[in-house]
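Working notes, structure below.
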Amino acid sequence: DSPYPPAAICQNLSYGGKTDWYLPAITEVNVLQSACDRLKGGLGCFTIRFWASTESTANNAWYYTQAGASVPGNNKISNSYSFLCVRKD
């Protein structure tokens, strides 16, 4: 009934003079994870769970973590995981 909090935060984010931030889909989070070793001074590899905007059911969403598993999992959206807001330039 209410917006998924990480998605709402990203949608309403104004940072660096930009307002077109969004919560990435699980495929986009996977791309970020795959590129982590090539980023210098950037995000680094994920070692904690990061939410994605992709829902798996009405009450669950997908998350991605590299810590012990290189594939996405899903869990209740009420769980408290980290998230990244991204934008396309």
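This structure is a prediction, so every number in the text was calculated from the model and none was measured.
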Worksheet, complete the sentence: In terms of heavy-atom contacts, Leu84 and Leu23 come closest through O-CD1, 3.7 Å

Fill in: Residue list, side chain to side chain donor-acceptor pair (under 3.5 Å) with Asn12, at least two apart or on another chain
none

Worksheet entry | Any residue meeting side chain to side chain contact (heavy atoms under 4.5 Å, CB included) with Ile9, in chain and number order, not counting sequence neighbours | Phe83

Fill in: Shortest non-hydrogen contact between Tyr15 and Trp21, atoms and distance
O-NE1, 3.5 Å

Worksheet item: Going from CG on Asp20 to SG on Cys10, what distance comes out if it is rounded to the nearest 0.5 angstrom?
Response: 11.5 Å

Practice prompt. Test Tyr22 against every option in Gln11, Glu28, Arg87 by the side chain to side chain donor-acceptor pair (under 3.5 Å) rule and name the one that passes.
Written response: Glu28

